[in-house]
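A short write-up of the structure that comes next.
Along the sequence shown, the residues carry numbers beginning at 1. Because only heavy atoms are used, hydrogens play no part in the values below, and waters and symmetry mates are left out as well, while side chains stay in.
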Amino acid sequence: MRDAIARIKIKPLSWTPYLPPVEIADATERQLAAMKVTPSAKKVSPYVRTLVHDPDSYVARTELFNAIMYAEGGLPRQDRELGALGASLVNGCMYCANVHARQHAKLSGPCATSALYAGRRDALSTRDAAIMDFAEALTMTPPRADQSHIEALRSEGMDDGEIQDLIHSIAIFGWANRLMHPLGHSS
């Protein structure tokens, strides 16, 4: 059964904005400079081009995002991605859930994310289950995270700094998902 779960493929989704994104050819110098803060070396997405209508807030948002998700040291990146995935699933942001599921699978293998998409929570490692439980409890409105969640993370070897990193990755996606929803939709 574990092999069948690992073979689930999570295909990329696209995101379509409701507002017209900034066209690169028409971008102001400030907008072009702001788009250089984007961590992707591939292309500037429609989402980025939608947010860059306000270049100053885009830069502030992106610098914070980069500091949380791509920080050196602390909580391993795959755990940050799993926290972001948990928040995005609770918030119903399928685009972000898809992106972070694929990033988590790329960093740690497909088993955990495939298990989640297959509805097989029982197939998660105890560490991944503790992260998902905490991400879901922290993302609920009002949050339901409590000391038992912190103790579960500690029992999986996380120190206070790593737990803080996880809180940041979950919390920024509580906000990011709510920013993405009114600006467009995924398909």
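- A 4.5 Å side-chain heavy-atom check between L32 and I24 finds at least one atom pair inside the cut-off.
- Within a 6.0 Å radius of CD in Q147, other residues, nucleotides and ligands contribute more than 12 heavy atoms.
- Rounding to the nearest 0.5 angstrom, the gap separating the CD1 atom in I167 from the NE2 atom in H149 is 12.0 Å.
- A salt bridge between D159 and R154 is absent, with no side-chain N of the basic residue lying under 4.0 Å from a carboxylate O of the acidic one.
- With R30 contributing its side chain and P55 its backbone, the two residues share no donor-acceptor pair below 3.5 Å.
- Using a distance-only test at 3.5 Å, with no hydrogens or angles considered, no donor-acceptor pair links the side chain of R80 to the main chain of M69.
- Two residues are said to be in side-chain contact when any heavy atoms from C-beta on lie closer than 4.5 Å; L183 and L51 meet this criterion.
- For the pair R77 (side chain) and Y70 (backbone), a donor-acceptor distance under 3.5 Å is absent.
- The shortest non-hydrogen separation linking A112 to L124 is O-CD2, 3.6 Å.
- In this structure a side-chain-to-backbone donor-acceptor pair under 3.5 Å is missing from D133 to A152.
- For the side chain to side chain contact (heavy atoms under 4.5 Å, CB included) criterion with D165, the lone passing option out of L75, I170, I68 is L75.
- Among residues at least two apart or in separate chains, ring-ring contact (aromatic ring centres under 6.0 Å, His included) pairs with a member in residues 153-187 are Y18-H185, F65-F173, H100-F173.
- Without hydrogens or angle criteria, E63 side chain to A60 main chain gives no donor-acceptor distance under 3.5 Å.
- Atom CZ of R61 is separated from atom CG of D56 by 14.5 Å, given to the nearest 0.5 angstrom.
- L107 is not connected to L85 by any chain of hydrophobic side-chain contacts under 4.5 Å among Ile, Leu, Val, Met, Phe, Trp and Tyr, and they are in different clusters.
- Across all non-hydrogen atoms, the minimal contact from E156 to R127 is O-NH1, 2.9 Å.
- H53 contributes atom NE2, which lies 11.0 Å from atom OG1 of T28 (distance to the nearest 0.5 angstrom).
- A heavy-atom distance below 4.5 Å is found between the side chains of P76 and E162.
- Across every non-hydrogen atom of A101 and I10, the tightest pair is CB-CD1, 3.9 Å.
- Side chain of T38 to backbone of M35: a donor-acceptor contact under 3.5 angstrom is found.
- In this structure, CD1 on I150 lies 8.5 Å from CG on D160, to the nearest 0.5 angstrom.
- Here the straight-line distance linking atom CG of D79 with atom CD1 of I131 works out to 3.5 Å at 0.5 Å rounding.
- Salt bridge status for R121 with E136: present, with a side-chain N to carboxylate O gap under 4.0 Å.
- In this structure, N98 contributes its side chain and K11 its backbone to a donor-acceptor pair below 3.5 Å.
- The side-chain heavy atoms of L82 and L116, taken from C-beta on, include a pair separated by under 4.5 Å.
- The two residues A97 and L89 come nearest to each other via the heavy atoms CB-CD2, 3.8 Å.
- Proximity of a side-chain donor or acceptor of S169 to a complementary backbone N or O of L166 within less than 3.5 Å is detected.
- Across P21 and P46, no two heavy atoms sit closer than the pair CB-O, 3.8 Å.
- Ring geometry for W15 versus Y47: interplanar angle over 60°, hence perpendicular rather than tilted (30 to 60°).
- Through chains of ILVMFWY side-chain contacts below 4.5 Å, V90 is grouped with M140.
- Residues V22 and V48 fail the side-chain proximity criterion, which asks for heavy atoms closer than 4.5 Å.
- Minimum heavy-atom separation, G86 to M132: CA-CE, 3.6 Å.
- For the side-chain hydrogen bond (donor to acceptor under 3.5 Å, both in side chains) test, residues two or more places apart in sequence or in another chain that qualify with N177 are S88, N91.
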